[in-house]
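Order of listing sets the numbers, starting from 1, for every ligand and every atom in it.
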Amino acid sequence: MNASIRSPLRSARAHALQGRVGIPGDKSVSHRALIFGAIAVGTTRITGLLEGEDVLHTASALRSLGVPIEREAEASWLVHGVGLGGLAEPEAVLDLGNSGTGARLLMGLVATHPFTSFFTGDESLCRRPMARVTAPLTEMGARFVARDGARLPLAVLGTEDPLPIEYRLPVPSAQVKSAILLAGLGAPGETSVIEPQPTRNHTENMLRHFGATVAVTEGKNGRRVTVGGQPELVASDLTVPGDPSSASFPLVAALVVPGSTLTVTGVGLNPLRTGLFDTLLEMGANLKYENRRVEGGEPIADIVVCGGTLRGTTVPAERAPRMIDEYPILGIAAAFAEGRTVMRGLQELRVKESDRLAAMAHGLEACGVKVAVDGDDFVVEGTGAPPAGGANIAVEFDHRIAMSFLVMGMAARRAMRIDDGATIETSFPGFVALMNGIGGAIEPA
Ligand code: S3P
């Protein structure tokens with residue numbers, strides 16, 4: 001039985017962590033690989049696909065849209081693309097589970113297809129803001145039927161007559177950028193997104209990989225990404241790099257458990273994803289990249305860490321898009337560091353799978369760590385000694401909160417308990433087995 005599907009979980013203090021482990025495929029790249037494979041002409045083989053629930057929900061939504069998708073072997077999938085414009089009106093409601101990426105990207109894709117589809121998700125996804133995508137997609141001609149605040153469940157009435165737009169992102173969001181670019185594929189002419197702060201560029205990379213024309217220019221108002229509409233997308237095999245966001249959990253665990261040495265292999269190092277590693281280096285972490293190489297168009301490396309003392313640092317707001325999913329685990333690292341860590345500009349954390357700013361503040365406080373939330377800034381006071389721990393955390397459908405506090409339990413003075421480990425399956429199947437394999441002590445509570 002896979003322990004990671006059991007809930008609740010308890011994580012106790014571990015001895016030095018050791019080992020060399022691989023991690024599951026990148027979640028962002030996996031969603032996009034399935035989506036682009038679906039609208040290309042021909043069969044795309046995806047190797048290293050993340051088989052987490054979020055990605056499986058995207059696969060099943062694409063099947064409902066008429067795309068044959070097969071699993072040939074572990075992490076190896078075939079997508080028999082139907083070509084741009086070849087999607088069919090889905091009979092079933094598209095249920096994206098916990099996944100904001102799946103929901104927002106697919107809403108963009110179907111917005112410029114002339115049919116109606118219905119979207120829903122779990123309790124967490126149904127609370128998350130969708131106006132950030134419905135607003136630009138409405139400008140492109142789609143219509144939406146939604147409750148006040150544009151939350152799921154909602155209906156997308158795709159347009160037969162899409163308009164290309166130029167859109168300046170009001171929030172730094174790769175999901176919103178990607179939704180617009182996907183919708184732009186169905187429109188004639190050029191669709192442009194201007195992002196004041198660069199966000200992860202996997203959509204741009206993948207558009208090129210499948211043969212679309214993408215232009216990226218840097219200006220004083222930000223980065224402009226332009227896609228040419230109605231391209232012929234051609235099936236093209238790809239390999240998914242290991243997810244740097246997932247890698248951050250065992251890596252931080254090894255940094256805070258004294259005497260540890262750990263290698264995580266094949267981690268994606270797209271520069272728009274590496275903000276946490278830069279921050280850990282600034283905190284004095286013993287972290288090295290080895291065997292740097294390029295796989296599937298993305299830079300990857302093996303990351304080697306050794307446990308040791310970390311010091312507090314200040315993380316500027318501009319870095320947030322490059323490490324937006326890593327603040328929960330950085331909060332744990334900061335709790336073990338010597339001195340104050342200040343993380344600025346965290347407003348987007350309030351609208352993730354849970355309100356992560358509140359979850360971190362309450363959770364760390366319950367572990368005996370001194371914290372402060374000052375507007376959108378988060379301050380953690382580390383003493384250099386392990387925090388008390390011993391808290392029971394309600395994870396609120398949030399996989400990263402769950403994993404972060406299990407890492408806390410591995411090095412805190414008293415064991416931690418989380419109320420639901422099942423949510424970890426969304427992004428990191430096998431998490432518990434992997435952590436226990438390197439020396440963790442996580443078990444059903
Ligand atoms: C993602 C973008 C980020 C991130 C999410 C995955 C993506 O969200 O938090 O986990 O794959 O595009 P935003 O773009 O909304 O910040």
Ligand-residue contact atoms, ligand 1 with S28, heavy atoms, under 4.0 Å: 1 (C), 6 (C), 7 (C), 11 (O)
For D325, atoms of ligand 1 separated by under 4.0 Å from a heavy atom: 4 (C), 5 (C), 9 (O), 10 (O)
Nearest-option assignment for atom 14 (O) of ligand 1, heavy atoms, candidates A174, S178, A179: A174
From the candidates R273, R32, K27, the one that places a heavy atom nearest atom 12 (O) of ligand 1: R32
Side chain to side chain contact (heavy atoms under 4.5 Å, CB included) between L185 and V227, intermediate numbers included: CA-CA 7 Å; L185 290 175; V227 67; 3.9 Å; yes
Just list the side-chain donor-acceptor pairs under 3.5 Å for residues 56-65, sequence neighbours left out, or say none.
| from | atom 1 | to | atom 2 | distance (Å) |
| --- | --- | --- | --- | --- |
| H57 | ND1 | E53 | O | 2.9 |
| T58 | OG1 | H31 | ND1 | 2.9 |
| R63 | NE | I69 | O | 3.2 |
| R63 | NH2 | I69 | O | 2.9 |
| S64 | OG | S60 | O | 3.2 |

Lys/Arg N to Asp/Glu carboxylate O, D398 vs R356, below 4.0 Å: yes
Distance-only donor-acceptor check, side chains E326 and S245, under 3.5 Å: yes
Look only at interatomic distance and state if [X] has a nitrogen or oxygen under 3.5 Å from any nitrogen or oxygen of ligand 1.
| X | answer |
| --- | --- |
| S173 | yes |
| R200 | no |
| I324 | no |

With V21 via side-chain contact (heavy atoms from CB on, under 4.5 Å) - residues at least two apart: L262, V264, L434, I438
Nearest protein heavy atom with distance in Å, relative to atom 3 (C) of ligand 1: K352 NZ, 3.8 Å
Heavy atom of the protein closest to atom 6 (C) of ligand 1 (residue, atom name, distance): T101 OG1, 3.3 Å
Parallel, tilted or perpendicular, as decided by the 30° and 60° cut-offs, for the rings of F249 and F431: perpendicular
K177 touching ligand 1 at heavy-atom level, < 4.0 angstrom: no
Side-chain donor/acceptor of R32 to backbone N/O of S28, under 3.5 Å: yes
